[in-house]
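Input: a single structure, listed below in structure tokens.
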Amino acid sequence: MKSVRVHQLAKKLGISSADLIEKLKPEGIEISSHMNALDENTCRLVEEIFKKGKKEKAPDQKTKKSAAVPKEGAVAKKRAKKPEKAKAAKEPEPEPEQVELKEEKVSPVKETAEVIQSMPEAEQPIHPLPEPEVKENIIELSESVTVKELSEKLNTEPKDIIKNLMGMGMMASINQLVDLETAKTLAKSYGFDVRVDSLNDESLIYESKKDEENLQPRPPVVTIMGHVDHGKTSLLDAIRQTNIIGSEFGGITQHIGAYHVELEKGNIVFLDTPGHQAFTAMRARGAQVTDIVVLVVAADDGVMPQTVEALNHAKAAKVPIIVAVNKIDKPNADPKKVRQALSDYSIVPEEWGGDAIFVEVSAKKRMGIEELLEMILLQAEMLELKANPSRRAVGTVIEAKLDRGRGPVATILIRAGTLKVGDPFVTGIHWGKVRAMINDVGKKIYFATPSIPVEVLGMSGVPQSGDSFVVVEDDKKARQISLLRQQKQREISLAKLSKITLEDLYNQIKQGSVKELRIILKSDVQGSAQALRDSLEKLSTDAVRLEIIHSATGGVTESDVILASASNAIIIGFNIRPEVKASQLAEKEGVNMRFYSVIYDAVNDIKAAMEGLLEPTYKEKVIGRAEVREAFNIPKIGTIAGCYIVDGKVTRSSQARLVRDNVVVYEGKITSLRRFKDDAKEVMTGYECGIGLENFNDIKVSDIIESYIQEKVVKKL
């Protein structure tokens, strides 16, 4: 079916164009004119809506017909009663009674109550009459409420709320946010109880327990990664041009960043963002968008540094990996060499007893493309990817930009639910209402199901890649969540936490923010990288774990800095220097980079940092003993022991222990230490002194006072 105009479809359905336009507005399909053209999917949707409407109306018509029968009977009775009315007109007596009945007005509730009371007890209904509802002074407040909204809830003027806030020491304007505790205090002062409507992100999760009953299979989302010249783009073009079900699948549109492929056995969604920066940036924000990663490796080139980098990114995201060995049509192609090289990185082929899927393809000659797609669908079937299409839509921002003509535009990948035109939503710190949706082939659509990428218009600002996209109940809630997130972001920006450095590792481990030491290792040659890696991995212990999340040759790039920022790692460079952009980004993100030219210097620094992670132990050391020769009782001060230092020395800053007959009687601090009338910091062996103990007066002659200190013992690896 080709596109059909609105008036043609209305004629087919047997209604006017205006009625059709009005009936489609609640469904989220906005039509401005009867000459607008509707595509095939929209026409099918409209026909299904009207079929359901007819089925629902059918019983109503029967009811109307059955209701019409007694009306006819009533008319017949009225006609039969006409002579009786004529007779009644001759008799003047009944007329006043009829007038009295007309004037008497009995309420329906009262009349029903009287009828029920007049009935026998056995025939009275079991359920009592509903009692009138008593309105309680309860208001619902969200975690983010403005002064104006609070005044409306409390039925008072905003100026009164501002006045009360000033009395509480808070200066606020009419549009300023008020925290929940303050709002509760104000509500209680006005005689209202507060019920909290939480707006935290836990209520905006992708799946919930209610969704388990309505889960349906969804297409897998696949990202293709690999080295620069290994044929990623050629493979995407070959997939686009592959004709499996006899129709074209549409082109790869660069502006949307994702496209949808329809196959005979299922559908696949490919993300056109294979760059490591975008992949890591989304993972850094906690967005798990990709279901499967296809790692492209050229059979004539083998495993390259960017291949290893892509592999490490996929492993860090814990995503299943399918290896596509490309360019097998070349004479110098060696697929076995690729398998051997990847097995060193724990990617072992299935034919070698591992669990990694390897597919040999040629994007240029379109060899093995169907097998690759079948493997993707097979892997997706093993993952059992499902989503609930009947809930409110949730998704993830793939990319976003500011278009001069259309405003903020974002590519959204729907993860669950169905997104419709007109839905209010929240994405990142921004909110909006879906003004229009465009699919991967540039056509306007009115709804999108799970795993379908769409371009959405109608946002208040440009979100970031990886931000969540959630449809909410109404515009008001969307605005409140947006304001709350903006406030939290301002607080975070004011007190931004610095990234991990070697100097503050110990402080962070005590606070519980660092569980292990993560390192990104870059060197000039592979041999040095392997030697340094082996030396560092030997430092890892049960108490302090060292993990090298990425190791490669070459200078430090922006991708390395982004990975370090996302993983909270430090970068160690050996005989290399960072790129200018990488240095600027590291300074901006607060990533710690260290560069060495001697392996032992790097190992010693890392060892010292890891030793700082070990909590030190304390050992007691006795520094002196004093024998009590006399006890002096001084008013308002207490008992002072006249002592003779028999061993070592006694210091005023040390701890003291009183021993009597080899039994410890007291442990505490020395409050005073004097030689004659003068205060002393310490008294050596062979001298006499006066010692006062904190909160202890039971001192007797021949007691021994031990002076000791706590020595800090640093643990070594």
Side-chain angles (χ1 to χ4, degrees), residues 219-252 258-274 290-304 306-308 310-311 313-314 319-383 385 440:
V221 181
V222 180
T223 297
I224 297 182
M225 304 177 73
H227 196 64
V228 175
D229 298 323
H230 282 194
K232 295 190 301 294
T233 307
S234 302
L235 185 60
L236 288 169
D237 289 338
I239 292 171
R240 174 178 60 86
Q241 295 173 9
T242 300
N243 193 345
I244 295 176
I245 58 173
S247 62
E248 272 196 31
F249 304 133
I252 302 173
Y259 67 99
H260 187 209
V261 172
E262 296 179 2
L263 305 175
E264 203 168 353
K265 296 182 180 179
N267 301 335
I268 304 174
V269 175
F270 285 93
L271 291 186
D272 195 20
T273 54
T290 304
D291 299 315
I292 300 170
V293 167
V294 174
L295 183 66
V296 180
V297 186
D300 62 333
D301 204 3
V303 177
M304 301 296 287
Q306 284 191 6
T307 309
V308 179
L311 185 62
H313 282 259
V319 178
I321 301 169
I322 296 176
V323 181
V325 184
N326 196 16
K327 301 182 182 180
I328 60 169
D329 56 311
K330 288 198 171 184
N332 58 341
D334 190 359
K336 289 185 179 179
K337 181 182 176 183
V338 174
R339 286 174 167 81
Q340 184 64 47
L342 286 175
S343 63
D344 295 337
Y345 296 95
S346 302
I347 305 295
V348 183
E350 287 181 332
E351 56 265 29
W352 291 6
D355 55 357
I357 300 173
F358 279 70
V359 182
E360 296 181 4
V361 299
S362 173
K364 189 175 181 182
K365 295 190 176 181
R366 294 182 177 80
M367 295 167 55
I369 303 298
E370 294 184 18
E371 186 183 354
L372 175 63
L373 296 175
E374 286 179 6
M375 289 296 105
I376 292 173
L377 290 173
L378 179 63
Q379 182 67 53
E381 186 179 346
M382 298 294 291
L383 293 173
L385 303 171
D440 56 335

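The chain is numbered in sequence order, starting from 1.
When all heavy atoms of Val348 and Phe358 are compared, the closest pair comes out as C-CE1, 4.4 Å. Shown here for Val303 and Val297, the closest heavy-atom pair between the two residues is N-CG1, 4.2 Å. Contact between Val361 and Ile328 at its shortest, heavy atoms only, is O-CG1, 3.3 Å.
The main-chain N or O of Lys327 is never found under 3.5 Å from a side-chain atom of Asp300 such that the two would form a donor-acceptor pair. Within the 3.5 Å criterion, the main-chain N or O of Ala298 finds no donor-acceptor partner in the side chain of Asn326.
Among residues two or more places apart in sequence or in another chain, the side-chain hydrogen bond (donor to acceptor under 3.5 Å, both in side chains) test is passed with Glu350 by none.
Ile268 contributes atom CD1, which lies 11.5 Å from atom CG of Asp291 (distance to the nearest 0.5 angstrom). Note that CG of Asp329 and NZ of Lys364 are 7.0 Å apart. Values are rounded to the nearest 0.5 Å. Atom OG1 in Thr290 sits 11.0 Å away from atom CD1 in Ile224 (nearest 0.5 Å). Between the CG atom of Asp334 and the CZ atom of Arg339 there is a distance of 10.0 Å, given to the nearest 0.5 Å. Atom CG of Asn267 and atom CD of Glu262 lie 5.5 Å apart (nearest 0.5 Å). To the nearest 0.5 Å, atom CD1 of residue Ile292 and atom CE of residue Met382 are 11.5 Å apart.
Contact of the Leu383 side chain with the Pro220 side chain is not registered, since no non-hydrogen atoms from C-beta on lie closer than 4.5 Å. At least one side-chain heavy atom of Ile369 sits less than 4.5 Å from a side-chain heavy atom of Leu235. Inter-residue side-chain proximity for Tyr345 and Thr307 is flagged as unmet; no heavy-atom pair is nearer than 4.5 Å. Side-chain atoms of Ile322 and Val222, non-hydrogen and from C-beta on, never get closer than 4.5 Å to each other. The side-chain heavy atoms of Gln340 and Trp352, taken from C-beta on, include a pair separated by under 4.5 Å.
More than 12 heavy atoms of other residues, nucleotides or ligands shown are found within 6.0 angstrom of CG on Asp344.
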